[in-house]
Amino acid sequence: MGLNNVAWGVTLLPLLGALTSFLAETQRRAVQICIFFSGAALLASAITLGIWLTHPWNAAFENVIAFFGFNPSEGGVFPTRLEPFLGIHVDALSAAFAFALCFIVLAVQSYALTSLRGDAGYRRFAWTSSVLTFTALGIVFSPNLFQTLLMWMSASVALYFMTLHWWQREDAGATARRIAVALRISEVALFLGLVFLFVKTAVYVTTLPAPNGQDITDPFAWSSIVKSVPAILSGTVQGAGLKTVAVLGAVLIFATFVRAAQTPFHVWFGQAVTAPVPVIAAVVSTGGFVGVYVLVRLAPIVRLAPHAFTALAIAAALSALLIALVCIAQRDVLRITTLTAVAQLALGLVAIAGGGVAQGAFIGFTTLLFATLGVLCAGNLVRVYRTRNLHEIGAAWRRMRTTSIGLWVWALGVGGLGLQSYYTLAATFADGTQNAVPYGTLSRTVIALITIVASLALAFAVFRMVGQVCHGVPERRRGFQLERVQEVEPELRRWTSLLTVGAVLAVLVGLPGIAAAGSGKSRLPALSFVHFMHILPLQTGFDPTALVIVLLVLLAGAAGALILYRPSQAAERARAARLFPALTRVLSHDLYLDRLVQR
């Protein structure tokens, strides 16, 4: 298992690239340096993933070092010695996410090499995106909650500087500050959860045997937390009980909910669309998935909090529905692709809450690829058509074939074929029986219905956009000639195509029901992502009912959007909008949340 130490390189190489970029004489050379180190990190992550594909049943590998030590005085605030650790925790989950993350960052930085050429913030994007990658990988390979919090806060700083790309503009600073405030809320919640956990369980954790090479058991380690919470419920931990677990679960769920940019906190995603396309892609891909990923790590303990996952499932399902409805009323193509990522993350939270932890992890995994693909394809359209207005873009299928194919793959994936809706419904139908309080009949029915309607609205939104962009007729505007539209530069097409292929492959490895075959040295590893994540609990089997519902929803959403948004239906759409003017206005203004946070 010594090869798993390669994960140190995966994590640190992007940071080394960011530091080295300051030595470059030109901005373009700085970007190329960051791309080189991101490519090296991708190669190292491929080695780590290869180890787990060929040895899928190995125990998780950890390598940690003490960050600092603190011995409190008797009767102080801290109940026992505080010695947090930093390091790596390598398993199938972290290996898969690290590879996807490195691939996406390499694609975005390579895309920026061409799209941001001549921009004053060329170098700034290079080093901030590399630092953001370092923090995201630090969370992915985190062995404990302390390192997760440290990297969580560092990522917020990187996101702040990244969204300040056009710092010369007066509104850029205000936008970055609003994003920082939203992220700070999640940081405070996670910090309170960490302190509360230490105060309640640190003494008990000292009675557990220390791992090899350590003189003390880390109270923040995932393994320690998994042992501490059941001990609290059994009455073994003095001064802690059911209320302790309930408070801890609520705080940690809230932190991940905010970080996953769920309503009403999705405004920090929406605010990012004022930045350049590579910045939007980096924020969408590496910013929101962290909330889902950390909840996957915390799921074995949070599920023990009474009613916690039921509340999370209802809130996340409603968030997905509201975001999908907002997408239908939007005209900005970049905002639509950004908000659909929020809706996908919401479905991931619903799946986790229903007991499908591996399924929720898969949704977070595919969201990384589909969100980036959607943003970069929308960026190609904006670059060529010189507008973000959906109604001013059209007939791209004949003139921008590579981008159009990417958009169709994105729409099919987000609309249902990406398996996000399937796994969410399958987990919901499984009833959450492994949670502290399983779903009741009413709760399960409500969550399933909201999820189905949200999936239908989401499919309608994405096919509405793709139908208009690829096959619609753009509105006339002064100075624009449709006949002169042509595909973007080959460098941009190349990475768009690679992301398209990556998104398709991600869906293929997520197909349910494909288990490992053979035994011993001739054993073939499981192709299915869910089977590969065998270390995660609460998995559900193949559900044909959920699959049929998802396919029907996909067909209904696609047919409805492509029929209602034909050019010949413009008058009917206008009449329908006039029937519900207040609703149309609220949805088109993103529930007025943007206006609220600007005050």
Side-chain angles (χ1 to χ4, degrees), residues 114-115 118-119 166 169 171 270 273-277 280 325-340 373-411 414-415 459-490 492-493 496 557-581 583-590 594:
T114 299
S115 66
D119 192 287
W166 285 325
R169 299 183 180 181
D171 60 337
V273 299
T274 58
V277 171
I280 300 172
L325 293 175
V326 168
C327 287
I328 294 175
Q330 294 297 307
R331 292 190 175 190
D332 187 331
V333 292
L334 286 171
R335 183 177 289 272
I336 293 172
T337 53
T338 299
L339 291 180
T340 54
L373 174 62
V375 171
L376 293 190
C377 287
N380 290 348
L381 296 172
V382 173
R383 187 177 182 86
V384 173
Y385 285 85
R386 303 193 301 277
T387 180
R388 295 185 175 197
N389 191 332
L390 175 62
H391 295 171
E392 296 177 350
I393 303 173
W397 180 257
R398 292 195 307 169
R399 295 170 174 83
M400 301 180 66
R401 186 60 56 90
T402 302
T403 299
S404 297
I405 292 174
L407 279 172
W408 270 105
V409 169
W410 167 77
V414 176
F460 187 91
V462 295
F463 283 105
R464 163 199 172 232
M465 173 177 160
V466 171
Q468 170 62 32
V469 165
C470 295
H471 310 289
V473 178
E475 293 180 352
R476 292 187 177 184
R477 51 195 168 97
R478 182 175 298 178
F480 175 75
Q481 297 179 3
L482 181 61
E483 296 75 15
R484 302 184 64 178
V485 169
Q486 59 182 358
E487 188 62 270
V488 292
E489 296 91 325
L492 303 184
R493 291 203 303 270
T496 302
L562 296 177
I563 292 173
L564 293 177
Y565 280 87
R566 290 181 300 176
S568 59
Q569 300 295 319
E572 287 74 8
R573 291 197 303 271
R575 276 197 297 270
R578 286 194 295 270
L579 291 176
F580 306 98
L583 178 61
T584 303
R585 188 163 53 251
V586 169
L587 293 177
S588 62
H589 287 85
D590 199 359
D594 279 342

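The structure displayed is predicted, hence computed values, not measured ones. We count residues from 1, following the sequence as given.
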Among residues at least two apart in sequence or on other chains, which ones pass side-chain contact (heavy atoms from CB on, under 4.5 Å) with Pro474?
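Scan of Pro474 (side-chain contact (heavy atoms from CB on, under 4.5 Å), adjacent residues dropped) gives Leu482.
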Taking only residues two or more places apart in sequence or in another chain, which ones pass side-chain contact (heavy atoms from CB on, under 4.5 Å) with Gln481?
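Partners of Gln481 by the side-chain contact (heavy atoms from CB on, under 4.5 Å) criterion, ordered by chain and then number, come out as Glu483, Arg484.
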May I have the step-by-step check of side-chain contact (heavy atoms from CB on, under 4.5 Å) for Arg464 and Leu390, ending in yes or no?
CA-CA 10 Å; Arg464 163 199 172 232; Leu390 175 62; 3.7 Å; yes
Check [X] against [Y] and note the closest heavy-atom contact, atom names and distance.
| X | Y | value |
| --- | --- | --- |
| Trp408 | Val466 | CE2-CG1, 3.4 Å |
| Gly415 | Ala459 | O-CB, 3.8 Å |
| Gly467 | Leu562 | CA-CD2, 3.8 Å |
| Leu334 | Ala378 | CD2-CB, 3.6 Å |
| Val277 | Gly379 | CG2-CA, 3.6 Å |

With salt bridge (Lys or Arg N to Asp or Glu O under 4.0 Å) as the rule and sequence neighbours excluded, what pairs involving residues 381-391 come up?
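Sorted result for residues 381-391: Asp332-Arg388, Arg383-Glu489.
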Would you say the side chain of Arg477 lies within less than 4.5 Å of the side chain of Tyr385, judging by non-hydrogen atoms?
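Heavy-atom side-chain distance check passes, below 4.5 Å.
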Any side-chain heavy atom of Cys377 sitting closer than 4.5 Å to one from Thr496?
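Cys377 reaches Thr496 side chain to side chain.
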Quick one: [atom1] on [X] to [atom2] on [Y], what's the gap to the nearest 0.5 Å?
| X | Y | atom1 | atom2 | answer |
| --- | --- | --- | --- | --- |
| Met400 | Leu407 | CE | CG | 8.5 Å |
| Gln330 | Thr340 | CD | OG1 | 11.5 Å |
| Leu339 | Leu325 | CG | CG | 12.0 Å |
| Arg335 | Ile280 | CZ | CD1 | 9.5 Å |
| Cys470 | Arg401 | SG | CZ | 9.5 Å |

Tell me, with the steps shown, if Gln486 and Val384 meet side-chain contact (heavy atoms from CB on, under 4.5 Å).
CA-CA 7 Å; Gln486 59 182 358; Val384 173; 6.0 Å; no
Suppose we screen for side-chain hydrogen bond (donor to acceptor under 3.5 Å, both in side chains). Which residues come up paired with Asp119, at least two apart in sequence or across chains?
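side-chain hydrogen bond (donor to acceptor under 3.5 Å, both in side chains) check on Asp119 returns His165, Trp166.
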Sequence-distant partners of Thr403, side-chain hydrogen bond (donor to acceptor under 3.5 Å, both in side chains), two or more places apart
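Thr403 satisfies side-chain hydrogen bond (donor to acceptor under 3.5 Å, both in side chains) with Asn380, Glu487 only.
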Taking it one step at a time, do Phe463 and Gln468 satisfy side-chain contact (heavy atoms from CB on, under 4.5 Å)?
CA-CA 8 Å; Phe463 283 105; Gln468 170 62 32; over 6 Å; no
Using a 3.5 Å cut-off and no angle test, enumerate the donor-acceptor pairs between side-chain atoms of residues 391-398 and protein atoms at least two apart in sequence or in another chain.
{"from": "Glu392", "atom 1": "OE1", "to": "Thr387", "atom 2": "OG1", "distance (Å)": "2.8"}

